[in-house]
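All remarks here apply to the structure that follows.
Owing to the predicted nature of the structure, the values given are computational and were not obtained by experimental measurement. Below, each value reflects all heavy atoms present in this structure, side chains not excepted, and no hydrogens, waters or symmetry copies.
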Amino acid sequence: SRSTRRFLIILQTSRENKHPMRKSKMTKPGEIAFRKRTPELVLYALLATSVVFSLFVFAYLPSHDAYQAHHPLDGIVKKAKELLQEKSISKQVQSQRDSLAFSVLNKENGKNESPNYFLVFSTSCSPSQDWQSYVFFYHAWKINQPGTITRIASGCTDKQINDLTKLHKNQIAIMSDRFKVHFAPACEDSRSKYFNKPFGLRDYMEKSLGYPDDHHDNDIIMIVDPDMMLLRPLTHRFNLEKTKWVVPGPTSATVTHGHPISQAYGFGSSWITSIAENASYVAGDDSPALQVEKGAEAAHYYPAGPPYLATARDMYQIAVHWTKFVVRIHDIFPHFMSEMHAYSFAAAHLKLPHQLANSFMVSDVDVAREGWDFLRSSSREGVCDPNSIPMEDLPYVFHYCQRYALGRWFIGKYKIPKNLFECDTPLLREPPIDVAVKYDWYIYPNGKDILNYAKKPFRVLQ
């Protein structure tokens with residue numbers, strides 16, 4: 001969406017080397033609107049159009065010209081244009097749209113059929129995760145993400161279940177009947193809220209997909225986080241040449257049995273070294289995880305994170321062992337990363353090395369190995385143009401788990417008002433299209449975190 005593209009330049013400018021703050025000559029009086037007495041009303045950029053449009057998404061189908069422009073104008077896409085111009089979202093139109101999405105993907109992949117996709121993300125029942133879920137569903141609808149997409153909400157009270165069921169029916173399900181919510185019990189061990197991810201996944205696969213009896217073995221399970229935006233459709237096939245793989249030169253870029261694929265995260269081999277002396281407590285002395293070489297093998301095939309993709313057969317086995325190991329690993333390593341370490345340990349225990357990619361995601365503006373290459377051909381003036389970057393050149397997800405700023409524009413997910421959906425809450429504001437030209441510095445609302453790029457030429461990557 002236009003707002004996402006605009007904000008990506010804000011993220012990118014933060015990648016320059018840090019310099020003391022000085023006033024930019026590019027800034028003129030009156031260009032910055034900032035209310036010192038009410039910093040909570042600093043108008044956030046990242047989710048501006050995304051959330052505002054989400055509030056009205058049920059009213060119309062927006063134009064998808066940017067998406068259509070990068071597909072051959074054969075009969076499938078001509079029909080797509082007709083469907084995407086419809087001003088209603090009846091079940092007939094939804095069905096046609098869903099069928100179209102699979103047809104386009106099958107045609108691109110040279111296949112006559114695709115597996116079923118089950119994309120899930122885990123949340124609590126808090127207001128903050130309500131708006132994150134809303135934004136996630138909206139972008140999934142916007143880019144025609146194929147498959148069934150499910151919010152796994154864990155630990156809800158009866159009242160929260162009732163409220164969330166109504167919210168989902170009235171605000172989410174009208175976008176697509178493929179958008180679901182699954183209610184899972186809270187993990188009995190309450191030491192970490194992140195335990196709900198593996199336990200919620202297992203509950204979903206057993207109660208919604210019927211495991212271990214009613215198998216969907218050949219289907220694909222995708223796990224993402226609620227604070228992600230889909231920028232392009234996520235499937236089980238990837239471009240072998242264009243993707244930045246951790247281990248160069250793979251011979252396959254398709255999720256199959258025994259071959260999961262995931263985004264690489266920056267914890268390297270610490271999933272095993274952090275518990276090395278007590279690893280046998282987690283899975284016993286004969287666990288295959290203990291045979292993984294703690295250098296390159298551990299760092300190149302197992303520090304996985306969302307998006308995780310695996311066949312349902314493999315993912316269910318991971319979920320079973322993930323739930324077994326996460327509590328024991330937390331006993332040894334009582335930090336929030338214990339949940340991710342437990343996933344890696346489960347994969348290693350099952351002899352399921354992951355093919356890891358660096359370019360599925362953008363998140364941290366200081367991490368050059370992420371999928372920032374799409375900005376190489378963009379100018380400072382044109383990067384906010386929603387048509388300037390073909391969809392196929394974008395990363396798959398934007399993970400907005402950091403703080404981002406340019407000028408006095410700022411966004412942090414923890415600063416979004418909890419009463420965002422109440423009628424009296426002000427709408428969020430969208431940054432100007434030339435925000436990247438106006439400012440070469442930022443100041444966070446706390447007045448302490450400051451960065452200046454004035455002496456550095458604009459560039460995408462070192």
Residues 248-267 vs salt bridge (charged side-chain N to carboxylate O under 4.0 Å, His left out), sequence neighbours excluded, gives none
Across all chains, not counting sequence neighbours, the side chain to side chain donor-acceptor pair (under 3.5 Å) partners of Arg232 are none
Hits for side chain to side chain donor-acceptor pair (under 3.5 Å) against Asp189, two or more places apart or cross-chain, chain-then-number order -> Arg191
For Thr323, the side chain to side chain donor-acceptor pair (under 3.5 Å) test, sequence neighbours excluded, returns Arg202
Residues pairing under ring pair (Phe, Tyr, Trp, His ring centres under 6.0 Å) where one sits in residues 243-269, two or more places apart or in two chains, turn out to be Phe267-His341
dist Tyr404:OH -> Asp364:CG (nearest 0.5 Å) comes out at 7.0 Å
Contacts of Asp285 meeting side chain to side chain donor-acceptor pair (under 3.5 Å) (sequence neighbours excluded), chain-then-number -> Ser280
Sequence neighbours excluded, the answer for ring-ring contact (aromatic ring centres under 6.0 Å, His included) partners of His349 is His321, Phe325
Contacts of Tyr194 meeting ring-ring contact (aromatic ring centres under 6.0 Å, His included) (sequence neighbours excluded), chain-then-number -> none
For Phe360, the ring-ring contact (aromatic ring centres under 6.0 Å, His included) test, sequence neighbours excluded, returns Phe238, Tyr396
Sequence neighbours excluded, the answer for ring-ring contact (aromatic ring centres under 6.0 Å, His included) partners of His300 is none
Those residues at least two apart in sequence (or on a different chain) that pass salt bridge (Lys or Arg N to Asp or Glu O under 4.0 Å) with Asp314 are none
Contacts satisfying salt bridge (charged side-chain N to carboxylate O under 4.0 Å, His left out) that involve residues 255-271 (not counting sequence neighbours) are none
